[in-house]
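Accompanying notes for the structure given below.
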Amino acid sequence: MSKKVRVRFAPSPTGGLHLGGVRTVLYNYLFAKKNKGDFIVRIEDTDQNRYVPGAEEYIFETLKWCGLEPDESVQHGGSYGPYRQSERKEIYRQYAEKLVAEGHAYYAFDTPEELEKMRQDFKTAQNPSPQYDHTIRMRMRNSLTLSTEKTKELLDAGTRQVIRIKMPEKETVSFTDMIRGEVSFDSSTVDDKVLLKADGMPTYHLAVVVDDHLMQISHAFRGEEWLPSAPVHILLWKYLFGLENMPQWAHFPLILGPNGKLSKRDGAKYGFPVFAMNWTDPKTGELTEGFKEKGFLPEAFINLLALLGWNDGTEQEIFSKEELIEKFSMERVHSAGAKFDYEKAKWFNHEWIKRMKVEDLNPKVSELLVQSGITITNKDLLDKIITLVKDRCTLLTDFIQQSTFFFKAPEEVDVDAVKPKWSEAKKLFFAELIRNYELAPDWNAHTLETNFKEIASVNDLKPGELMLPFRIMLVGGKFGPGVFEIAELLGKEETIKRMQFAISKF
RNA sequence: GGCCCGUUCGUCUAAGGGCUAGGACACCACCCUUUCACGGUGGUGAUACGGGUUCGAAUCCCGUACGGGCUACCA
């Protein structure tokens, strides 16, 4: 009998959530739902210096937008709280001290200055970044080098101190990663990581193990950047709670930018969003663009993220959230990092827009148009417009350009597109067309087109040479859906008004 | 430098010993359309290199190269 699946996403509230973070959430979520388990969000705010106001709220708003809501979290409640590590501070010390008592950890009194000095003193060409490890710990100020009395004295005096894990010297630490298979490390190459900081807060290393245990996490997933510190966590599990109780690990491949691990800087540099939603750094005021505001549908966003490192083995690429839950499997997650391709991301969004029902698109498009200053009074009209233009919208924001002219006459008319080929004969044609349209009993695209072509034919003009000018008159530029469809939706009065106005400019 | 992970078209990937190495994005051409798209057809384009194992390797093993990550009292 296996225990209930419980997974967690443990972000540090230090800023916006980027692609890699959301994908980690996604894979956690999919795995949990697929296995009828729980998805927990735990806030890892143990570094008080990095606290950023608003970041935590941003994370939850992002999850909501993505449709990846946790079963348990600071905001959703649950019986394993608190879900914010800063509120769990008291819990960690006892575990750290237990490790000291059992000889797996020790107190270290070295000041930041002493640590810096150590790094300078031991720095060589061969070893550019010396670590606090078994080779040097006996030369530092800690409970291993100090006498028991001296240690007690320092402790009693309240001297600033940390607790470090004492990495064994000759031990192979290995575990089975669900994606990579067996991974092993030589314990002597890992340093004595700080477990409990001088301010009494745990570091990630202690907190992740303690909380995963207390919250009964069954599977622990995180990015590949955590792989090097895995041996510390494995050992902690062994010392504290037993290897047999340890969750199963999986380290996801990294999402790469044009130059290595994707960073928020890449977005501004290469012109694509990196964060899920807009994020403004409260300190600098710097805005980092988000997929949401850029015009992505959450359905498309999750879809494209899911496929960045995973596939179901078939050639299907468009998946709804429900399909992803049904088909997701950790075994099919890739081990190699994936470079993010914005062009393909846009393709996913375009596909989703094309497939999405007009009624579902309507409120989103409506909101966008209202934001750009357009008043929508007729929902059915907007439905018709969306039906007409959705195929040519890659991003939601494209709807603005593709439908604004339905609501107001173009402010600028591309006269240059018409003028060079404009002629007296064409002018006469449009004059006749206006008279004809004024009398038209049925105002629909079909008869409008028929009449248009008949008159052209009578005047010995090619319809093709007349349609562009007509389009320019109604739309203002060389874009948009079929011109007669546009005229139909515009209505008789508005169509003729725009024609008359534009003709005077040619 | 050390440790760890990785390596199939430009990009995301399929093929988990038998093959004309498949698909998608992007790109190019043509068709459809006398706007732009959608759609359709076709094309360019990849198993990093070297050794093994095997009747047979993109697939397994070793080495090399290259790429990435980590190397804080940050996560």
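In the text below, chain A, chain B and the rest are named by the order of the sequence lines, each starting its count at 1.
Residue contacts for A:G309: at a heavy-atom cut-off of 4.0 Å it reaches the sugar-phosphate backbone alone, with no base atom in range. Note on A:T394: nothing from the nucleic acid sits closer than 4.0 angstrom, heavy atoms only. Using a 4.0 Å heavy-atom distance criterion, A:P253 is classed as making no nucleic acid contact.
Picking from B:G1, B:C4, B:U35 the nucleotide with the shortest atom distance to the side chain of A:L468 gives B:U35. Looking at the side chain of A:K462, the nearest of the listed nucleotides B:U35, B:U34, B:G1 is B:U34.
Because its NZ or CZ atom is not both nearer than 6.0 Å to the ring centre of A:W422 and within 45° of the ring axis, A:K419 does not count as a cation-pi partner of that residue. For the pair A:R164 and A:Y132, the cation-pi criterion (under 6.0 Å, within 45° of the ring axis) is fulfilled.
Distance check on atom C1': B:A48 versus B:G68 gives 16 Å, rounded to whole Å. With both ends at atom C1', the span from B:C61 to B:A75 equals 38 Å, rounded to whole Å. Remark: the separation of the C1' atoms in B:U53 and B:U20 is 27 Å, to the nearest Å. Taking the C1' atom of each, B:U11 and B:G2 are spaced 32 Å apart, rounded to whole Å. Taking atom P on both B:A46 and B:A58, the two are 15 Å apart, rounded to the nearest angstrom. The same atom, C1', is picked in B:G40 and in B:C32; the two are 8 Å apart, to the nearest Å. Here, B:G16 and B:C25 have their P atoms 24 Å apart, quoted to the whole Å. Of the P atoms belonging to B:A14 and B:G50, the separation is 25 Å, rounded to the nearest Å.
Listed by chain and number, the residues in a ring pair (Phe, Tyr, Trp, His ring centres under 6.0 Å) with A:Y270 amount to none (sequence neighbours excluded). Residues satisfying the salt bridge (charged side-chain N to carboxylate O under 4.0 Å, His left out) test with A:D212, not counting sequence neighbours, are A:R8, A:R42. Shown here are the salt bridge (charged side-chain N to carboxylate O under 4.0 Å, His left out) partners of A:K98, two or more places apart in sequence or in another chain: A:E102. Checked against side-chain contact (heavy atoms from CB on, under 4.5 Å), A:N127 has the following partners two or more places apart in sequence or in another chain: A:T124, A:P130. Applying the salt bridge (charged side-chain N to carboxylate O under 4.0 Å, His left out) criterion to A:K478, with sequence neighbours excluded, gives no partner residue. Applying the side-chain contact (heavy atoms from CB on, under 4.5 Å) criterion to A:T387, with sequence neighbours excluded, gives A:V358.
Base pairing of B:C70 is made with B:G2, judged by Watson-Crick or G-U wobble geometry with both donor-acceptor distances under 3.5 Å. The pairing partner recorded for B:C9 is none, the criterion being a Watson-Crick or G-U wobble arrangement whose two distances lie under 3.5 angstrom. Nucleotide B:G63 has B:C49 as its partner under the Watson-Crick or G-U criteria, with both atom distances under 3.5 Å. Nucleotide B:U20 forms a pair with no other nucleotide shown, judged by Watson-Crick or G-U wobble geometry with both contacts under 3.5 Å. In a base pair of the Watson-Crick type (N1 to N3 plus N6-O4 or O6-N4) or a G-U wobble (N1-O2 and O6-N3), with each distance short of 3.5 Å, B:G39 is matched with B:C31. In this structure B:A15 sits in no base pair that meets the Watson-Crick or G-U test at under 3.5 Å.
Aromatic ring centroids of A:W279 and A:Y58 lie under 6.0 Å apart. Ring to ring, A:F506 and A:F430 are not that close: their centroids are 6.0 angstrom or more apart.
B:C38: glycosidic angle within 90° of 0, hence syn.
The CH2 atom of A:W249 sits 16 Å away from the C1' atom of B:C5 (whole-angstrom rounding). Summarising the geometry, the separation between CZ on A:R332 and C1' on B:C12 is reported as 14 Å, rounded to the nearest angstrom. Rounded to an integer number of Å, the gap from A:L307 CG to B:G23 P is 17 Å. Between the CG atom of A:N349 and the C1' atom of B:C25 there is a distance of 14 Å, rounded to whole Å. To the nearest angstrom, C1' of B:U13 lies 15 Å from CG of A:L304. When rounded to the nearest whole Å, the span between CG of A:L308 and C1' of B:C12 equals 7 Å. Between A:I486 atom CD1 and B:U33 atom P the separation is 18 Å, expressed in whole Å. Remark: C1' of B:C12 and CD of A:E315 are 13 Å apart, rounded to the nearest angstrom.
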Between protein and nucleic acid, restricted to nucleotides 7-11 of chain B and to nitrogen or oxygen atoms under 3.5 Å apart, what atom pairs and distances do you find?
none

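No more than 12 heavy atoms of other residues, nucleotides or ligands shown are found within 6.0 angstrom of CZ on A:R265. The environment of CD in A:E412 is sparse: at most 12 heavy-atom neighbours from other residues, nucleotides or ligands sit within 6.0 Å.
Within a heavy-atom distance below 4.0 Å of RNA chain B, the residues of residues 168-180 of chain A found are A:R180.
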Do nucleotides 38-47 of chain B as a string where each nucleotide becomes B, S or -: B if the base has a protein heavy atom under 4.0 Å, S if just the sugar-phosphate does, - if no protein is that close. SS--------
Reading nucleotides 68-75 of chain B from the 5' end, what letters show protein touch, with B for base, S for backbone sugar-phosphate only, - for no heavy atom under 4.0 Å? SBSB-BBB
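Although no hydrogens or angles enter the test, the distance criterion places a donor-acceptor pair under 3.5 Å between the side chain of A:R88 and the main chain of A:P82.
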Check the pair A:N451 / A:F484 against side-chain contact (heavy atoms from CB on, under 4.5 Å), numbers first and verdict last. CA-CA 11 Å; A:N451 293 2; A:F484 298 106; over 6 Å; no
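Of the N and O atoms on the side chains of A:D47 and A:Y204, not one donor lies less than 3.5 Å from an acceptor on the other residue.
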All N/O donor-acceptor pairs, side-chain side in residues 246-257 of chain A, below 3.5 Å, sequence neighbours left out:
{"from": "A:H251", "atom 1": "ND1", "to": "A:D177", "atom 2": "OD2", "distance (Å)": "2.7"}
{"from": "A:H251", "atom 1": "NE2", "to": "A:R222", "atom 2": "NH1", "distance (Å)": "3.0"}

Show me the side-chain donor-acceptor pairs of residues 395-409 of chain A shorter than 3.5 Å, one per line, residues at least two apart or across chains.
{"from": "A:T397", "atom 1": "OG1", "to": "A:K294", "atom 2": "O", "distance (Å)": "3.3"}
{"from": "A:D398", "atom 1": "OD2", "to": "A:T394", "atom 2": "N", "distance (Å)": "2.9"}
{"from": "A:D398", "atom 1": "OD2", "to": "A:L395", "atom 2": "N", "distance (Å)": "2.9"}
{"from": "A:S403", "atom 1": "OG", "to": "A:F399", "atom 2": "O", "distance (Å)": "2.4"}
{"from": "A:T404", "atom 1": "OG1", "to": "A:I400", "atom 2": "O", "distance (Å)": "2.5"}

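In this model, the phosphate group of B:U13 is not approached by any side-chain N or O of A:N311 to a distance below 4.0 Å at OP1 or OP2.
Residues A:V183 and A:W310 both approach RNA chain B. Their nearest nucleotides, taken by heavy-atom distance, put A:V183 toward the 5′ side.
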